[in-house]
Amino acid sequence: MDRIRIRGGNKLNGIIPISGAKNAALPLMIASLLTSDTLTLENVPHLADVEQLLRILGNHGVDVAVNGRRESQGESYSRTIHFTCRTIVDTVAPYELVSKMRASFWVIGPLLAREGQARVSLPGGCAIGTRPVDLFLDGLQALGAKLEIDGGYVNATAPSGGLVGGHYTFPKVSVGATHVMMMAASLANGTTLIENAAREPEVVDLARCLNAMGAKIAGAGTSTITIEGVTSLSGARHRVLPDRIETGTYAMAVAMTGGDVTLEGTEAALLDNALEAIRMAGATVTDTESGLRIVRNGNGIQPVDVVTEPFPGFPTDLQAQFMALMTRSSGVSHITETIFENRFMHVQELARLGARISLSGQMARIEGVSGLKGAPVMATDLRASVSLVIAGLAAEGETLVNRVYHLDRGFERLEEKLTRCGADVERISD
Ligand code: UD1
């Protein structure tokens, strides 16, 4: 199993190309199930989660053609992929495939909308909370679907004339359930109104792609989305938006180590609240023509309190990385996690590097220390594992991050991108 060895202490200087967003690419790929024409996606990141979803889509009958392509002077390795699903050959998404990645459950929306039925295994994914699917089921029921849980699977059936437009108010904001509702309602009869919808940039990206395919979606990016159903969707060409979590992660890495890095091909607007937290913590962030330039501002790392919230609030997917940064702040900071109930597994690993963190319910209290010391640590989930990399970059001596497969799910060529900027990072394959 691969490990990553980091020898800490180097500043980061140079250019890091930001990849296409994993969390946008996954729902966009799933949208290819909605049409018999070809959906072409550009800037698809090369990640384990994307490969896994390609297998799942193949199982439903999607033909995939990949154009390898190096993009931009910074050489991002994202690819253009053509997806064609002439017919859906199987409406079952089996446990062996779905249990590996939660987002694969989202195929339930397109399968139900296009074929009138789906049998989809209940999902797996990162162990960061119970992560139920009740909102998906309630939402699909509002479109007329009949649902039952049987042997770990959800059996879903549309009315004989297909799904019907409906009205659903989310009791809690869910990114995935918003994606699924938009996809399913696009092919429903009549108009659907979704309230308290997720406002994440990835939701807007999916709506833009669906509209390019002929859907009639208005309001994505606000809490109220209206979808006028159409009888069929066509193919389209769409570019996956830049990864805001990767952007924020490298910005925090620079704030941690010091240096001067341009995050190429990304935008400040995608980060909103998180960028403000990074600025307050001690980095100067400027929007340049090629991307975001991050420079440590010379005042050291300042303690900043954050609370994770749905977009535009501080993202839960940057919580672990920000905690790593706060371990070196010059005071006490507090991080409150409101999205997932069990997303503090990185705390004990950061403590192995010398961090002083105490937990009380959903709040972590971080007392900044003057230095971290390298140690072997264990990656426990995708974002937690990259927080250990950030900490390792600033720690004295050698940090060995085990279970790197979590990182490979969501960070394209991480060690290469960091090494080019002067970090001493190496992958060790046993
Ligand atoms: C997506 C992101 C993930 C991010 C999360 C929150 C992808 C592939 N993943 O995950 O990286 O951390 O948004 O920004 O885009 N919930 C329910 N019932 C449901 C669905 C969700 O209670 O039916 C709860 C979840 O347990 C969680 C909260 O709602 O507490 C938010 O989850 P959700 O927004 O659905 O996360 P994902 O779409 O799975």
Side-chain angles (χ1 to χ4, degrees), residues 20-31 44-45 47-50 52-53 56 98 100-109 120 122-142 147 149 154 156 168-184 194 196-206 223 240-241 243-246 248-249 270-274 307-322 336-346 362 381-387 406 409-411:
K22 169 182 90 76
N23 285 357
L26 300 179
L28 290 165
M29 290 165 68
I30 289 172
V44 181
L47 298 169
D49 273 10
V50 167
Q52 174 65 11
L53 185 56
I56 290 165
V98 180
K100 296 208 173 91
M101 181 177 55
R102 179 176 167 87
S104 49
F105 181 76
W106 303 350
V107 298
I108 194 168
V120 180
L122 289 163
C126 281
I128 55 176
T130 49
R131 301 183 91 176
V133 293
D134 54 323
L135 304 176
F136 293 82
L137 304 186
D138 292 351
L140 291 171
Q141 262 164 349
L147 302 161
I149 309 256
V154 178
Y168 184 64
T169 302
F170 280 104
K172 178 179 190 179
V173 174
S174 164
V175 175
T178 303
H179 286 318
V180 165
M181 285 294 279
M182 287 199 304
M183 290 193 273
I194 309 174
N196 200 24
R199 291 183 281 160
E200 269 66 2
E202 294 76 20
V203 169
V204 179
D205 207 36
L206 176 64
S223 315
V240 178
L241 93 176
D243 196 315
R244 65 193 165 97
I245 303 304
E246 192 193 25
T249 298
L270 295 171
L271 275 98
D272 210 293
N273 193 304
V307 179
T308 64
E309 279 167 344
F311 194 84
F314 189 93
T316 175
D317 284 355
L318 286 175
Q319 182 255 105
Q321 299 90 313
F322 199 71
T336 308
E337 171 61 53
T338 72
I339 309 289
F340 294 109
E341 73 270 25
N342 187 24
R343 204 169 201 181
F344 281 136
M345 277 101 69
H346 41 285
Q362 294 299 91
D381 73 60
L382 170 54
R383 310 302 178 183
S385 52
V386 83
S387 76
H406 287 296
R409 287 188 43 219
F411 288 89

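Just follow the structure's listing: the first ligand is 1, and inside any ligand the first atom is 1. Note that this is a predicted model, so its numbers are computed, not measured.
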**Request:** Looking only at distances, please establish whether an N/O atom of ligand 1 is found under 3.5 Å from an N/O atom of Val175.
**Result:** yes

**Prompt:** Gln319 and Thr308: side-chain donor and acceptor closer than 3.5 Å?
**Reply:** no

**Asked** Hey, is Phe105 one of the residues with a heavy atom under 4.0 angstrom from ligand 1?
**Response** no

**Phe170 contact mode with ligand 1 (heavy-atom cut-off under 4.0 Å)** = neither

**Asked** Side chain, backbone, both or neither: which part of Arg343 comes within less than 4.0 Å of ligand 1 when only heavy atoms are counted?
**Response** side chain

**Prompt:** Has ligand 1 got any nitrogen or oxygen that is less than 3.5 angstrom from a nitrogen or oxygen of Phe340?
**Reply:** no

**Request:** Ignoring angles and geometry beyond distance, decide whether Ala177 reaches within less than 3.5 Å of ligand 1 through its nitrogen or oxygen atoms.
**Result:** no

**Prompt:** Which pair of non-hydrogen atoms, one from Gly410 and one from Lys22, has the smallest distance, and what is that distance?
**Reply:** CA-CD, 3.9 Å

**Prompt:** Below 3.5 angstrom, do we get any N/O pair linking Ser174 and ligand 1?
**Reply:** yes

**Prompt:** Do you know the tightest heavy-atom contact between Leu140 and Val180?
**Reply:** CD2-CG1, 4.1 Å

**Request:** Could you name the option among Pro123, Ala25, Pro132, Ala198 that has the heavy atom nearest to atom 20 (C) of ligand 1?
**Result:** Pro132

**Request:** Looking only at non-hydrogen atoms, find the nearest pair between Tyr168 and Met181 and report the distance.
**Result:** CB-CE, 3.8 Å

**Message:** One residue to check: Ile339. Relative to ligand 1, which of side chain, backbone, both or neither has a non-hydrogen atom less than 4.0 Å away?
**Reply:** both

**Region of Asp134 engaging ligand 1 - heavy atom pairs below 4.0 Å** = both

**Message:** Heavy-atom distances under 4.0 Å decide this one: backbone, side chain, both or neither, for His179 against ligand 1?
**Reply:** neither

**Prompt:** Taking only heavy atoms of Thr316, which atoms of ligand 1 are found under 4.0 Å from at least one of them?
**Reply:** 6 (C), 12 (O), 14 (O)

**Item:** Short side-chain to backbone donor-acceptor contact, Asn273 and Gly313, under 3.5 Å
**Value:** no

**Request:** Would you mind listing which atoms of ligand 1 come within a distance below 4.0 Å of any non-hydrogen atom of Phe136?
**Result:** 20 (C), 23 (O)

**Asked** Does Glu202 have any salt bridge (Lys or Arg N to Asp or Glu O under 4.0 Å) partners at least two apart in sequence or in another chain, and if so, which?
**Response** Arg244

**Prompt:** Looking at Arg343 and Asp317, does any basic side-chain N land under 4.0 Å from a carboxylate oxygen?
**Reply:** yes

**Asked** Val98 and Ser104: which non-hydrogen atoms are nearest, and at how many Å?
**Response** CA-OG, 3.3 Å

**Prompt:** Using 30° and 60° as the class limits, which term best fits the ring planes of Phe136 and Phe105: parallel, tilted or perpendicular?
**Reply:** perpendicular

**Complete:** Counting heavy atoms under 4.0 Å, the part of Glu202 that contacts ligand 1 is neither

**Message:** Closer than 4.0 Å to some heavy atom of Gly176 - which atoms of ligand 1 meet that?
**Reply:** 35 (O), 38 (O)

**Message:** Using modelled atom types and a 3.5 Å cut-off, is there a donor and acceptor pairing between side-chain atoms of Glu337 and backbone atoms of Ile339?
**Reply:** yes

**Prompt:** By number and element, which atoms of ligand 1 are closer than 4.0 Å to a non-hydrogen atom of Trp106?
**Reply:** 7 (C), 8 (C), 15 (O), 38 (O)

**Request:** Take Thr249 and Gln321 through the test side chain to side chain donor-acceptor pair (under 3.5 Å) and record every step on the way to the result.
**Result:** CA-CA 6 Å; Thr249 298; Gln321 299 90 313; 3.0 Å; yes

**Message:** Please compare Asn23, Ile245, Leu53, Asp317 and report which has the shortest non-hydrogen distance to atom 8 (C) of ligand 1.
**Reply:** Asn23

